[in-house]
Amino acid sequence: MLNKIFRIATRQSPLALWQAQYVQQRLMAAHPGLQVELVPMVTKGDVILDTPLAKVGGKGLFVKELEQAMLENRADLAVHSMKDVPVNFPEGLGLVTICEREDPRDAFVSNHYNAIDELPQGAVVGTSSLRRQCQLSARRPDLVIRSLRGNVGTRLGKLDAGEYDAIILAAAGLKRLGLEDRIRQALPAELSLPAVGQGAVGIECRLDDSALITLLQALNHSETAVCVRAERAMNTRLEGGCQVPIGSFAVLEDDQLWLRGLVGAPDGSQMVTGERRGPREQAEQMGISLAEELLNKGAREILHEVYQGQPPV
Ligand SMILES: NCc1[nH]cc(CCC(=O)O)c1CC(=O)O
């Protein structure tokens with residue numbers, strides 16, 4: 001088995017390559033002699049850059065081509081930002097490993113201001129995430145939110161070109177790319193509840209590849225995995241399949257799981273929040289029951305409204 005070469009399907013953005021190389025190196029370090037190579041690919045999400053993701057079919061755009069490659073045996077595994085992984089997997093594929101989470105927070109990045117609250121009236125903030133837009137607008141209804149897509153580097157370039165007064169990015173992506181010094185304010189969960197799985201890297205492969213699944217166990221981080229399971233269970237119950245204004249964030253405090261959830265109108269005019277605390281063994285049940293509480297508190301109507309403006313996926 002050791003003379004087999006394991007092939008990682010990966011997108012070619014600097015962040016995707018960083019994450020694929022991270023998994024490659026960790027796999028080789030855990031299993032000396034193992035051969036692991038990258039298979040770089042282009043996905044629809046990389047090609048369609050001018051339209052908000054919510055309008056072109058959601059995050060699945062970033063993973064479909066990678067999944068096709070695994071199903072056709074052109075690759076053996078794919079490394080994803082957990083944030084971009086849809087709820088459902090194609091027959092025969094599944095998520096088998098979740099690595100340790102990097103900083104899960106959203107980051108405020110600006111060349112002129114050190115915090116959201118320092119932004120002047122009517123300042124222009126770049127983000128295409130309905131979740132970030134919602135929480136930003138709820139706190140500061142005067143801000144003008146403008147769409148911002150592309151790789152992390154592209155987004156920073158648009159900020160530097162003066163198109164925005166500030167932008168919001170995931171702290172994890174900036175840190176992985178060595179751009180931590182661009183962060184002016186790491187937003188606490190109370191200010192910007194992160195997206196499901198934000199900051200965590202997950203590994204998908206063919207479910208009948210038991211040799212690979214065994215090798216990948218060395219990279220699994222059980223604390224991160226249980227948090228992300230709770231967050232994804234909440235998202236699944238909300239049917240948050242494509243880009244929607246949903247935040248879901250869990251932390252472990254000893255063996256107690258603390259899960260917070262949020263559903264909001266994109267313009268911040270409405271926001272429904274809730275939380276659960278319980279034993280880690282109940283991660284999924286907590287996610288589902290929190291989702292049901294949110295639905296009953298008004299999330300059903302908010303999400304219905306949001307989906308009306310989006311094509312079915
Ligand atoms: N939607 C794109 C995306 N997917 C994952 C990350 C950052 C890294 C992570 O959350 O693990 C980003 C960039 C961003 O949101 O700023």
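The structure displayed is predicted, hence computed values, not measured ones. Counting starts at 1 for both ligands and their atoms, following the listed order. Just so it is clear, the values below take in all heavy atoms, side chains as well, and ignore hydrogens, waters and symmetry mates.
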Any N or O of [X] that comes nearer than 3.5 Å to an N or O of ligand 1?
X: L169; value: no
X: G199; value: yes
X: K83; value: yes
X: D84; value: yes

Item to check | Test log, rule salt bridge (Lys or Arg N to Asp or Glu O under 4.0 Å), inputs E100 and R26 | outcome: CA-CA 12 Å; E100 184 168 7; R26 286 208 48 198; 5.9 Å; no

Checklist entry - Contact between R176 and ligand 1, counting heavy atoms under 4.0 Å? => result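 The answer is yes: ligand 1 sits under 4.0 Å from a heavy atom of R176.
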
Checklist entry - What do you reckon, does R132 put a non-hydrogen atom under 4.0 Å from ligand 1? => result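 The answer is yes, since R132 has a heavy atom less than 4.0 Å from ligand 1.
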
Item to check | ligand 1 contact on H80 by region, counting heavy-atom pairs under 4.0 Å | outcome: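 No part of H80 is near ligand 1 at this cut-off.
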
Residue [X] vicinity, atoms of ligand 1 by number, heavy atom under 4.0 Å:
X: A170; value: 7 (C), 10 (O), 14 (C), 15 (O), 16 (O)
X: G173; value: 8 (C)
X: Q198; value: 10 (O)

Verify whether one side chain among [X] and [Y] offers a donor that lies under 3.5 Å from an acceptor in the other.
X: Q198; Y: D106; result: yes
X: Q19; Y: R176; result: yes
X: R276; Y: S289; result: yes

Checklist entry - Hey, does E253 have a side-chain heavy atom less than 4.5 Å from the side chain of R277? => result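 The answer is yes; the side chains approach within 4.5 Å.
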
Checklist entry - When clusters are formed from ILVMFWY side-chain contacts under 4.5 Å, directly or step by step, what else is grouped with I116? => result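 Result for I116 is F108, Y113, L119, V125, L136, L143, I145, I168, L187, L191.
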
Checklist entry - Mind checking who shares a hydrophobic cluster with L71, ILVMFWY linked at side-chain heavy-atom distances under 4.5 Å? => result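 Members besides L71, by chain and number: M70, L93.
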
Item to check | Among A16, A107, S81, closest by any non-hydrogen atom to atom 5 (C) of ligand 1 | outcome: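 The residue whose heavy atom sits nearest atom 5 (C) of ligand 1 is S81.
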
Item to check | Considering all heavy atoms, the nearest D142-P120 contact | outcome: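 For D142 and P120, the tightest heavy-atom pair comes out as OD2-O, 3.9 Å.
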
